[in-house]
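Atoms within each ligand, like the ligands themselves, are counted from 1 in listed order. Quantities reported herein were computed from a predicted structural model and do not represent experimental measurements.
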Amino acid sequence: MHLDMDCFFASVEIKLNPSLKGKPVVVGGVNPQGKNVPRGVIATASYEARKFGCKSGMPLFKALQLCPDAIVVGGHYEDYIDCSDQVMQIAARYAPKVEQIGIDEAFLDFSNTEILYPDLRIVAEKIRADIKKEIGITASIGLAATKVAAKVGSDFNKPDGFTYVKEGTEKSFLAPLPLRDLPGIGYKMEEYFHNLGVTTLGQLAAVPFKKIENWGKFAINLWEAANGVDNIWFHPSATVKSISRSETFYKDTPDENFILAMLRKLTESVGTEARAEGYFGRTVHLTIRYKDFRTVSRQRVLTKPTNVTKEIYDLGEILLKELWDSKTPLRLVGIGLTQFGSEITQLSLFDQAHDKRLELEKRIDCLRKKYGMQAVNPLALLYLDPSVRQFKGKAFYT
Ligand code: DCP
Ligand code: CA
């Protein structure tokens, strides 16, 4: 199942100021990473404004040309995060596994829940109703047996829509749709296929594999997706290289210091491996598991690729605090680093703090190699063993 909020930032702005309801609204201000968007570009538009052609990424002046009556709002990033958290919490009420892939969207995994939920269509409608009632904004859901069909399905009846793609009909559901309805296809790729006479997903799916093979890896992925089959894009942790660690606690605990210390310990291990392999990750993902085994994860892109433990941890801590209410006992925490690229040395020329920290951590790596992982410890690890005895005679750093 794929859940996607409708014109998300605009919906939150309308919730904050209900007098905007029913009006054309465009949002300026910030992007999904909380950064200011380039001056004058809109983040999204309400569906009333979309009727005039306004859409994400469009320069504001152009949006106002198309829709002179549009009301420009924005900047309430904290509220977008709050609403996002509430949405994900509602999803986690029903789904055993929630894989959040953006600020306003997630895949909900209902594998092996047939006995609990004989009809997932009812569950989808319950989730949408809960969101509407409790948060006051609308969501669209696509329900399908593959992620690609679910994702395209959630866009199919927007806004406030539900689309059910019966198992076995993924390919025929996708067939009449234009190429751009597939996530990941940019206008350049679309143009490339148009020149070959391929404009719909059905036409793409019908191209013989032999031919697709010659067009390269990207085309193979698209072709698989057009055939309704999940490809590498939809298995981020399974097929793309990722370094991750998780640990189930000795007993469930709501102790924040303990959980943060565990997160730090796990991140030490992730960072050490990334540095040893020479990998620089672009995305940090964090997972928590509640005592009833509900598992929730969230990921975010770093400002620049890194393998510095402290930088990975700092983002992990932010994600943990966004995802967890600091009260409900947890049984597991996990952190991972993905989306590896090559070393971007030029970047570090401008960032002395990053360089210094990397130098420190590399020295610690050397000490640990010689004297063992426990030889040098982050101070926070004391929370894992308050008796301290285990750490006697060891070195600490923060
Ligand atoms: N966003 C952004 N800049 C972009 C695209 C999106 O800042 N270029 C932000 C604003 C969106 C939010 O991320 O509200 C979610 O993005 P979506 O692509 O899901 O778009 P919307 O939720 O706005 O619209 P839709 O109803 O089509 O899902
Ligand atoms: Ca959305």
Polar side-chain atom of Ser46 near backbone of Val25 as donor-acceptor pair, under 3.5 Å: yes

Nearest neighbour of atom 15 (C) of ligand 1 from the list Asp104, Thr138, Asp4, Asp6, on a heavy-atom basis: Asp104

Short N or O distance, Ile103 and ligand 1, threshold 3.5 Å exclusive: no

Within one Ile-Leu-Val-Met-Phe-Trp-Tyr cluster: Met58 and Tyr47, side-chain cutoff 4.5 Å: no

3.0 Å cut-off met by an N, O or S atom of Asp4 to the Ca ion (ligand 2): yes

For ligand 1, the portion of Arg50 having any non-hydrogen atom under 4.0 Å away: side chain

Contact partition for Lys158 relative to ligand 1, non-hydrogen atoms under 4.0 Å: side chain

Proximal atoms of ligand 1 relative to Ser56 (non-hydrogen, under 4.0 Å): 4 (C), 5 (C), 8 (N)

Polar side chain donor-acceptor pair, Thr248 to Arg331, under 3.5 angstrom: no

Atoms of ligand 1, numbered as shown, that sit under 4.0 Å from any heavy atom of Phe8: 14 (O), 21 (P), 22 (O), 23 (O)

Any Pro159 heavy atom less than 4.0 Å to ligand 1: no

Test item: Asp230 side-chain N/O and Val148 main-chain N/O as donor-acceptor pair under 3.5 Å: yes

Element-labelled atoms of ligand 1 that are located less than 4.0 Å from some non-hydrogen atom of Tyr47: 25 (P), 26 (O), 27 (O)

Sub-3.5 Å N/O-N/O distance, Cys7 and ligand 1: yes

Minimum side-chain heavy-atom gap Glu311-Val284 below 4.5 Å: no

Check: Glu361 side chain, Thr309 main-chain N or O, donor-acceptor pair, under 3.5 Å: yes

Arg264 charged N/C atom sitting above Tyr397 aromatic ring, 6.0 Å / 45°: yes

Side-chain H-bond candidate by donor/acceptor type, Thr138 with Asp6, under 3.5 Å: yes

Minimum-distance atom from the Ca ion (ligand 2) among N, O or S atoms of Asp104: OD2

Phe9-ligand 1 polar pair, N/O distance under 3.5 Å: yes

Heteroatom N/O/S of Met5 within less than 3.0 Å of the Ca ion (ligand 2): yes

Test item: Ser244 side-chain N/O and Gly336 main-chain N/O as donor-acceptor pair under 3.5 Å: no

